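See structure below.
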Amino acid sequence: MDSINRKLPFVELSKFLSQFSLNEQLLDKNVLHNDIYFNKFKDLLQLSQSHNGWFTQEQVYYAVHSWAEALTDENLTQWVSSYDLSAVKQKTIGLILAGNIPLVGFHDFLSVLIAGHKVLIKTSSNDQHLVKFLADYLISVEPKLANSINFTDGKLEKFDAIIATGSNNTARYFEFYFKNKPSIIRKNRNSIAVLNGNENQNDLRNLGEDIFRYFGLGCRNVSKLFVPKAYSFDAFFKAIYDFKEVIYYEKYANNYDYNKAVFLMSNFKLLDNEFLTLKEDSSYASPISSVFYEYYENLDDLQTRLTNEAEQIQCIVSNNLIHNSIPFGQTQQPKLWDYADNVDTLQFLGSL
């Protein structure tokens, strides 16, 4: 298939996913293969939390909706039009997927197939079912894809390049084990927000979305705030009060209780609203139910620091205070061309 035809199954997948939302599932008779897949997917979504306790229906439906919006013909065309994939010689690309949030590895899966390669996938034990289901649907739309999509439960073998996502510790293993293969190895990253005190309540409420979506488990979730000296968090706490229901989810509540206890036993000073703790800390990676903060004196100095420490940062949120920052509330709505770790996956795949 040429690059134009490669996108068509994903356009059909977008139409399929668009039928599902948290409040209702509306069957569209014009969507391909609904007779086989509609009820199966509906059941899978309802069972997702039994497969991974963090995958509540709200979070899974949000991920599904996000991909339905991303995989439109317009978006796919805009994305691939920046690349010349006509000379790609088909290879087998191994994928080691993360499982921290629903469908987190789907962009790599999509990229490999759009580039014209075969994909060999090792899913995370935390997200084994959703990608496999979507792969089955794509094959039903375009049977030729059956020769290009394979999953393995064991050791990855017989591949030409690798894209692997894991922690900093597993990344060291990946880098050694795959040292003789072209690779993209992803490590831990965190996202931050830079505030100056002029943000309105809507900005800060949207910042709450950046913090609490997927319970803060994603690398695009904000885990650190940079604020000016003498910054008052009163407006921030007021704005994020809409997210208070998160504390009624047992797994989140357990993390909140545990991490708060650890902080207090260590005599750390905390700001607390009974469902989120704020702790002054120079680190980027805060535990679930907590966000770190740090004071800055000069935005230019902060810009320099963030540039120097870019390998630790996934994305930056601000009202244009920092170069290449994104608006509040947008961290979990990346475009197809917003690459993890700022590594152009499609360029890598097109160059093999």
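Just so you know, residue 1 is the first one in the sequence shown, and it goes up from there. Everything numeric in this text was worked out from a predicted model, so none of it was measured.
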message: So which atom in Gly99 and which in Asn52 form the shortest heavy-atom distance, rounded to 0.1 Å?
response: O-ND2, 3.8 Å
message: Distance to the ring centre below 6.0 angstrom and angle to the axis at most 45 degrees; does that hold for Lys179 and Phe176?
response: yes
Close aromatic pair by centroid cut-off 6.0 Å: Phe109 and Phe106: yes
field: Basic-acidic side-chain contact under 4.0 Å: Arg189, Asp341
entry: yes
Side chain to side chain, Tyr214 and Trp54, heavy atoms closer than 4.5 Å: no
- prompt: Of the non-hydrogen atoms in Ala115 and Leu346, which two are nearest, and what is the gap between them?
  reply: CB-CD1, 4.0 Å
task: For the pair Tyr137 and Leu32, evaluate side-chain contact (heavy atoms from CB on, under 4.5 Å) and give the outcome as yes or no after the intermediate values.
output: CA-CA 9 Å; Tyr137 183 81; Leu32 298 178; 3.8 Å; yes
statement: Rounding to 0.5 Å, atoms CD1 (Ile101) and SG (Cys219) come to a distance of 7.0 Å
- line: From the list Val119, Leu120, Thr92, side chain to side chain contact (heavy atoms under 4.5 Å, CB included) with Asn150 holds only for Leu120
message: When you measure from the centre of the six-membered ring of Phe151, is the NZ or CZ of Lys132 closer than 6.0 Å and no more than 45° off the axis?
response: yes
- prompt: Would you call the rings of Phe268 and Phe263 parallel, tilted or perpendicular, where under 30° means parallel and over 60° means perpendicular?
  reply: perpendicular
- prompt: Is Asp300 salt-bridged to Arg305, going by a charged N under 4.0 Å from an acidic O?
  reply: no
query: So Ser86 and Asp84, side chain to side chain donor-acceptor pair (under 3.5 Å) or not? Walk me through it.
result: CA-CA 6 Å; Ser86 60; Asp84 180 6; 2.6 Å; yes
- prompt: Cluster question for you: counting only ILVMFWY and a side-chain heavy-atom cut-off of under 4.5 Å, with indirect links fine, are Val131 and Ile36 together?
  reply: yes
query: So does Lys181 have more than 12 non-hydrogen atoms from other groups sitting under 6.0 Å from NZ?
result: yes
- request: Return each pair, listed once, that meets side-chain hydrogen bond (donor to acceptor under 3.5 Å, both in side chains) where at least one residue sits in residues 265-280; pairs must be two or more places apart or across chains.
  value: Tyr256-Asp272, Lys260-Asp272, Thr277-Ser290, Lys279-Asp281
- request: Please write out which residues are connected to Ile192 in a hydrophobic cluster, directly or through intermediates, given that two of Ile, Leu, Val, Met, Phe, Trp, Tyr count as joined at side-chain heavy-atom separations below 4.5 angstrom.
  value: Val194, Phe226, Tyr284, Tyr296, Leu299, Leu302, Leu306, Ile313, Ile316, Leu321, Ile322
- request: Show your reasoning for whether side-chain contact (heavy atoms from CB on, under 4.5 Å) applies to Phe236 and Gln201.
  value: CA-CA 8 Å; Phe236 169 78; Gln201 284 291 291; over 6 Å; no
task: State whether a side-chain donor-acceptor pair under 3.5 Å links Thr307 with Thr304.
output: no
task: Search all heavy atoms of Leu97 against all heavy atoms of Ile121 and return the closest pair with its distance.
output: CD1-CG2, 3.6 Å
task: Please report the shortest heavy-atom distance between Ser48 and Val60, naming the atom on each side.
output: CB-CG2, 3.8 Å
- prompt: Please walk me through it: do Leu113 and Arg6 pass side-chain contact (heavy atoms from CB on, under 4.5 Å)?
  reply: CA-CA 7 Å; Leu113 294 177; Arg6 286 179 214 141; over 6 Å; no
message: Quick check: do Thr170 and Thr165 have side-chain heavy atoms less than 4.5 Å from each other?
response: no
query: Given side chains that start at C-beta, do those of Phe243 and Ile240 come closer than 4.5 Å, heavy atoms only?
result: yes
- prompt: With a 4.5 Å heavy-atom cut-off, do Val64 and Phe41 have their side chains touching?
  reply: yes
message: So Leu225 and Tyr231, do their side chains get closer than 4.5 Å, heavy atoms only?
response: no
- prompt: Would Phe178 end up clustered with Ile184 when hydrophobic side chains under 4.5 Å apart are linked, directly or stepwise?
  reply: no
message: Same cluster or not: Phe159 versus Val88, using hydrophobic residues (I, L, V, M, F, W, Y) connected whenever any side-chain heavy atoms lie under 4.5 Å apart?
response: no
- prompt: When the ring planes of Phe275 and Phe212 are compared, do they come out parallel, tilted or perpendicular, using 30° and 60° as the limits?
  reply: tilted
- prompt: Roughly how far apart are Asn75 CG and Thr72 OG1, rounded to 0.5 Å?
  reply: 3.5 Å
message: Donor-acceptor check, side chain of Glu199 to backbone of Gly197, threshold 3.5 angstrom: yes or no?
response: yes
message: side-chain contact (heavy atoms from CB on, under 4.5 Å) for Leu71 and Val11? Distances and angles first, verdict last.
response: CA-CA 6 Å; Leu71 295 173; Val11 174; over 6 Å; no
- request: Return the orientation label for the His107 and Trp79 ring planes: parallel under 30°, perpendicular over 60°, tilted otherwise.
  value: tilted
statement: CD1 (Ile288) and CG (Leu276) are apart, to the nearest 0.5 Å, by 12.0 Å
task: Scan side-chain atoms only and decide if Asn34 and Gln19 contain a donor-acceptor pair under the 3.5 Å cut-off.
output: yes
- request: Rounded to the nearest 0.5 Å, what's the gap from CG on Leu27 to NZ on Lys42? Could you check?
  value: 9.5 Å
message: Could you see if Leu156 belongs to whatever hydrophobic cluster contains Ile149? Use Ile, Leu, Val, Met, Phe, Trp, Tyr and a side-chain cutoff under 4.5 Å.
response: no
message: Can you confirm whether the side chains of Asn221 and Gln332 place a donor and an acceptor under 3.5 Å from each other?
response: yes
- prompt: Using 30° and 60° as the class limits, which term best fits the ring planes of Tyr295 and Tyr293: parallel, tilted or perpendicular?
  reply: perpendicular
query: Quick one: CG on Leu271 to CG on Leu278, what's the gap to the nearest 0.5 Å?
result: 5.5 Å
query: Does Tyr177 reach the side chain of Ile162, with side-chain heavy atoms less than 4.5 Å apart?
result: no
Side-chain touch Leu195/Asn319, heavy atoms, less than 4.5 angstrom: no
query: Same cluster for Phe174 and Val343 if Ile/Leu/Val/Met/Phe/Trp/Tyr side chains link at under 4.5 Å?
result: no
message: Does Asn298, at its CG atom, have more than 12 non-hydrogen atoms belonging to other residues, nucleotides or ligands within less than 6.0 Å?
response: yes
- prompt: Considering residues, nucleotides and ligands other than Lys238, do more than 12 of their heavy atoms fall under 6.0 Å from its NZ?
  reply: no
query: Would you call His51 and Gln128 a side-chain contact if the rule is heavy atoms closer than 4.5 Å?
result: no
query: Taking 4.0 angstrom as the limit, do Lys187 and Glu175 come out as a salt bridge?
result: yes
field: Residue list, ring-ring contact (aromatic ring centres under 6.0 Å, His included) with Phe38, at least two apart or on another chain
entry: Phe20
message: Closer than 4.0 angstrom, basic N to acidic O: yes or no for Lys15 and Glu12?
response: yes
message: Does the plane of the ring in Tyr339 sit parallel, tilted or perpendicular to the ring in Tyr83? Use 30° and 60° as the thresholds.
response: perpendicular
- request: Please work out which of the three classes, parallel, tilted or perpendicular, describes the rings of Phe233 and Phe237, given edges at 30° and 60°.
  value: tilted
task: Using only heavy-atom distances, determine whether the side chains of Asn100 and Asn126 contain a donor-acceptor pair under 3.5 Å.
output: no
- line: Interatomic distance, CD@Gln57 vs CG@Leu22, rounded to 0.5 Å, equals 7.0 Å
- line: Nearest heavy-atom contact between Ala340 and Arg186 is CB-NE, 3.5 Å
task: Using atom types as modelled and distance alone, determine if a side-chain donor or acceptor of Asp127 lies under 3.5 Å from a backbone N or O of Leu103.
output: yes
- line: In short, His117 meets Ser148 closest at the heavy-atom pair O-CB, 4.2 Å
